[in-house]
Engineer: 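Structure provided below as structure tokens; questions to follow.
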Amino acid sequence: MSSSNESPVVTRFAPSPTGSLHLGNARTALFSYLWARQTGGKFILRIEDTDAERSQERFRGQLMADMRWLGLDWDEGPDVGGPAGPYAQAERGDFYALLYERLSAEALAYPCYCTAQELELSRKLQRAAGRAPRYDGTCRGLTPAQRIERAARGLRPSLRFAVPGNRSIEFIDAVHGPQRFASNDIGDFVIRREDGTPAFFFCNAVDDSAMGVTQVLRGDDHLANTPRQLMLLEALGMRCPAYGHVGLLVGEDGAPLSKRHGSASAHEFRERGFLNSAVLNQLFRLGHTGDTDAWVPAAEMPAHFRPQHLGRAPARFEETQLLHWQKESLERLSSAQIAQWLGAGDSAEFVELVRHNVLLPADAVAWRAVVRGELAPLDAEERRVVAAAGAAFFAAAGEAYEHSSGDLKALTKLLKERTGRKGSDLFMPLRVALTGKAHGPELAQLLRLMPPDTVRRRLQSYAQNT
RNA sequence: GCUCCCUUCGUCUAGAGGCCUAGGACACGGCCCUCUCAAGGCUGUAACACGAGUUCGAAUCUCGUAGGGAGCGCCA
């Protein structure tokens, strides 16, 4: 709303298809999406599948399905195309080759013949000497003759970017504010692997630029790497996007969110029955403060997003808060939608009855069983209630039931006259005997849905042995 | 080891020198309502990591300390 007159931003989400959509990634995707939508800009999806080992076609599909489920639709991407395609890095080899050539021709990059063992040793040595373990530049000054000699030995080179010395790289982070790094702290890094595939620092930066991305939003873990990408783009004469680094999403133990914390992917929450609007509302408030505390429908979220209120500190994900948004989301569903969400072909009465007592579809299972005539064992509190009422109470209740034709009001009226009990003393033992639980939906309707035989059996069993 | 980042109630956060005896939301407790739970209404507990400084005045600025995190990879 307030920001709609700002110039359109182009944002992107650039996952690697090596797993399903992680909650932390889902959140940066959401922020990026909202930012673009808020300004009438564009949101791009780019698949970073340069790691052929770990990238899988099924993950790519699942990633996109999870994003669609969350409603994060993209304007340009591998499936919908766009002017800057292709949108999967595995298909952008020609573009990268061009840039490698340029960098090599201008001596801004050079082949490196160091072996993994040599690099490992060098790092170890530097660490031991109390210095940052960065590439020592062995191959930077190689003469053409030396290169030919190494190639002749069958060594396949990687390509390294020649980091300029004595430079101060400054930029304004959209979240952290002004940043300054020294190029002398940064070693020459690989931009093309020995096998010819592009390395992250390179293809990620170069693609953002080429695709017209104006605002990159990503996790804090990339903050210290940003100067590399800036130097690279500068060397190439390419436009630099603005960068913003949000604090990481961590689990309840404070460690970065992972499988250890149970569900860590959007997919798992979806499978458990969380609504997309619940997940959206939760992510919206993790490391971000919108302009409202209230539940926000997905369609209105862009208007409530405030990019200047993105958080620097790590945000802790707690399921209890997600549960709150689930409750809010559920309240806004029609009964037909709830029935579909429960997915068990329940009757309309049943759905209406349990909808306020259910947060996840799994919660309905117990009530379905109660109505069907199955009873779970009582816990300590519930046994106490039954015992306190006594066998005579249930005998009277059984009798009253026969004269009330399934109507709770009539039943309790008779029972009240016969036992002198009222209020909670009257209803609680009845509820526990009939449903096996101290809490739950409206008893009158529950009673109506229960088969008479079941009701008789339950009351009788307590009339005999309590 | 070096460089960088972070630190307000249990959790998410508001706060950009006086509006702060620090506000909201979730969670938790109490009361009301009620057959129970939920919903709703009212209400309570609970935080500026620590220490110096700057200032008439600091959660807010500076510097230290502590704790946490990231990067320094032919992983993204």
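For clarity, every value in this text was computed on a predicted model and none was experimentally measured. Chain naming here is simple, since letters A, B, ... match the order of the sequence lines and numbering starts at 1 in each.
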Engineer: Can you identify which nucleotide, out of C4(B), C6(B), U11(B), has its nearest atom closest to the Arg312(A) side chain?
Structural biologist: C6(B)
Engineer: Which nucleotide, in any strand shown, forms a Watson-Crick or G-U wobble pair with U34(B), with both distances under 3.5 Å?
Structural biologist: none
Engineer: Would you please say whether a donor-acceptor pair under 3.5 Å links the side chains of Ser277(A) and Ser329(A)?
Structural biologist: yes
Engineer: Can you check salt bridge (charged side-chain N to carboxylate O under 4.0 Å, His left out) on Glu349(A) and Arg448(A), steps first, answer last?
Structural biologist: CA-CA 10 Å; Glu349(A) 299 112 285; Arg448(A) 211 166 304 135; over 6 Å; no
Engineer: Describe the nucleic acid contact of Arg316(A) in one word from base, sugar-phosphate, nothing, applying a heavy-atom distance below 4.0 Å.
Structural biologist: sugar-phosphate
Engineer: Looking only at atom C1', what distance separates G67(B) and G23(B), rounded to whole Å?
Structural biologist: 27 Å
Engineer: What is the separation between atom CD on Gln321(A) and atom C1' on G24(B), rounded to the nearest whole Å?
Structural biologist: 13 Å
Engineer: Let's see if you get this right: which residues in residues 403-418 of chain A place a heavy atom under 4.0 Å from RNA chain B?
Structural biologist: none
Engineer: Taking side-chain hydrogen bond (donor to acceptor under 3.5 Å, both in side chains) as the criterion, tell me which of Arg140(A), Arg228(A), Arg160(A) meets it with Asp188(A).
Structural biologist: Arg140(A)
Engineer: Once side chain to side chain contact (heavy atoms under 4.5 Å, CB included) is applied, do any residues pair with Glu417(A), and if so which ones, sequence neighbours excluded?
Structural biologist: Lys413(A), Leu414(A)
Engineer: Rounded to whole angstroms, how far apart are CD on Gln308(A) and P on U13(B)?
Structural biologist: 16 Å
Engineer: U11(B) C1' sits how many Å from Leu249(A) CG, rounded?
Structural biologist: 13 Å
Engineer: Distance check, C1' atoms only: C33(B) and A39(B), in whole angstrom units.
Structural biologist: 11 Å
Engineer: Carefully, step by step, assess Arg306(A) and His288(A) under the rule side chain to side chain contact (heavy atoms under 4.5 Å, CB included).
Structural biologist: CA-CA 8 Å; Arg306(A) 296 193 297 177; His288(A) 167 251; 4.1 Å; yes
Engineer: Applying a 3.5 Å limit to both distances, which nucleotide forms a Watson-Crick or G-U wobble pair with C50(B)?
Structural biologist: G64(B)
Engineer: Please classify the nucleic acid contact of Gly440(A) as base, sugar-phosphate, or nothing, using heavy-atom distances under 4.0 Å.
Structural biologist: base
Engineer: Quick check: on RNA chain B, is the nucleotide nearest Ser424(A) upstream (toward 5') of the one nearest Phe181(A), or the reverse? Name the residue that is more 5'.
Structural biologist: Phe181(A)
Engineer: Which whole number of Å gives the distance between the P atom of G68(B) and that of G30(B)?
Structural biologist: 37 Å
Engineer: Side-chain N or O of His176(A) less than 4.0 angstrom from OP1 or OP2 on C6(B)?
Structural biologist: yes
Engineer: Can you tell me the distance, in whole Å, between the CG atom of Leu443(A) and the P atom of U36(B)?
Structural biologist: 11 Å
Engineer: Near Arg153(A) CZ, under 6.0 Å, is it more than 12 heavy atoms from other residues, nucleotides or ligands?
Structural biologist: yes
Engineer: Distance between the P atoms of U54(B) and G29(B), in whole angstroms?
Structural biologist: 48 Å
Engineer: Taking atom types as modelled and ignoring hydrogens, do the side chains of Asp220(A) and His245(A) form a donor-acceptor contact shorter than 3.5 angstrom?
Structural biologist: no
Engineer: In the structure shown, which nucleotide is the Watson-Crick or G-U wobble counterpart of G17(B), with both distances under 3.5 Å?
Structural biologist: none
Engineer: Answer with yes or no whether the side chains of Gln337(A) and Ser334(A) bring together a donor and an acceptor at under 3.5 Å.
Structural biologist: yes
Engineer: Using only heavy-atom distances, determine whether the side chains of Gln282(A) and His324(A) contain a donor-acceptor pair under 3.5 Å.
Structural biologist: no
Engineer: How long is the line joining CZ of Phe284(A) and P of G24(B), in whole Å?
Structural biologist: 20 Å
Engineer: Give me the distance, rounded to whole Å, that separates C75(B) from C48(B) when you measure between the C1' atoms they each carry.
Structural biologist: 39 Å
Engineer: Under a 3.5 Å limit for both distances, which nucleotide forms a Watson-Crick or G-U wobble pair with U55(B), could you say?
Structural biologist: none
Engineer: Under 3.5 Å, is there a donor-acceptor pair between the Ser16(A) and Arg60(A) side chains?
Structural biologist: no
Engineer: Under the rule for side chain to side chain contact (heavy atoms under 4.5 Å, CB included), what residues qualify as partners of Asp363(A), not counting sequence neighbours?
Structural biologist: Val358(A), Leu359(A), Leu360(A)
Engineer: Calculate the interatomic distance between Leu322(A) atom CG and A27(B) atom P; express it in whole Å.
Structural biologist: 12 Å
Engineer: Grab the CH2-P distance between Trp367(A) and A38(B) for me, whole Å please.
Structural biologist: 12 Å
Engineer: Applying the side-chain hydrogen bond (donor to acceptor under 3.5 Å, both in side chains) test to Tyr96(A), which of Thr197(A), Thr50(A), Asp207(A) qualifies?
Structural biologist: Asp207(A)
Engineer: When you check every protein heavy atom under 4.0 Å of nucleotides 39-45 of chain B, what one-letter string (B, S, -) results, 5' to 3'?
Structural biologist: S------
Engineer: Whole angstroms only, please: what is the CG-P distance between Asn184(A) and C4(B)?
Structural biologist: 13 Å
Engineer: For G44(B) and U7(B), measure between their C1' atoms and round to the nearest Å.
Structural biologist: 28 Å
Engineer: Dump every N/O contact between nucleotides 28-32 of chain B and the protein below 3.5 Å, one line per pair.
Structural biologist:
none

Engineer: Specify whether Phe189(A) and Phe201(A) have parallel, tilted or perpendicular ring planes, treating 30° as the upper limit for parallel and 60° as the lower limit for perpendicular.
Structural biologist: perpendicular
Engineer: Ignoring backbone atoms, test whether Thr320(A) places a side-chain nitrogen or oxygen under 4.0 Å from the OP1 or OP2 oxygen of A27(B).
Structural biologist: no
Engineer: Give a yes-or-no answer on whether the side chains of Asp407(A) and Ser405(A) include a donor-acceptor pair shorter than 3.5 Å.
Structural biologist: no
Engineer: According to the interplanar angle, ranging from 0 to 90°, do the rings of Phe274(A) and Phe269(A) count as parallel (below 30°), tilted (30 to 60°) or perpendicular (above 60°)?
Structural biologist: perpendicular
Engineer: Could you give the distance separating G17(B) and C56(B) at their C1' atoms, to the nearest angstrom?
Structural biologist: 12 Å
Engineer: Please determine, for A70(B), whether a Watson-Crick or G-U wobble partner exists with both distances under 3.5 Å, and give it or none.
Structural biologist: U3(B)
Engineer: Tell me, for nucleotides 67-76 of chain B in 5' to 3' order, what letter each nucleotide earns: B for a base near a protein heavy atom under 4.0 Å, S for only sugar-phosphate near one, - for neither?
Structural biologist: ---SSBSBSB
Engineer: Does G29(B) have a Watson-Crick or wobble partner in any strand here, with both distances under 3.5 angstrom, and which is it?
Structural biologist: U43(B)
Engineer: For atom C1', what is the distance between C28(B) and C12(B), given to the nearest Å?
Structural biologist: 16 Å
Engineer: Will you find, in the side chains of Ser122(A) and Gln126(A), an N or O donor that is under 3.5 Å from an N or O acceptor?
Structural biologist: yes
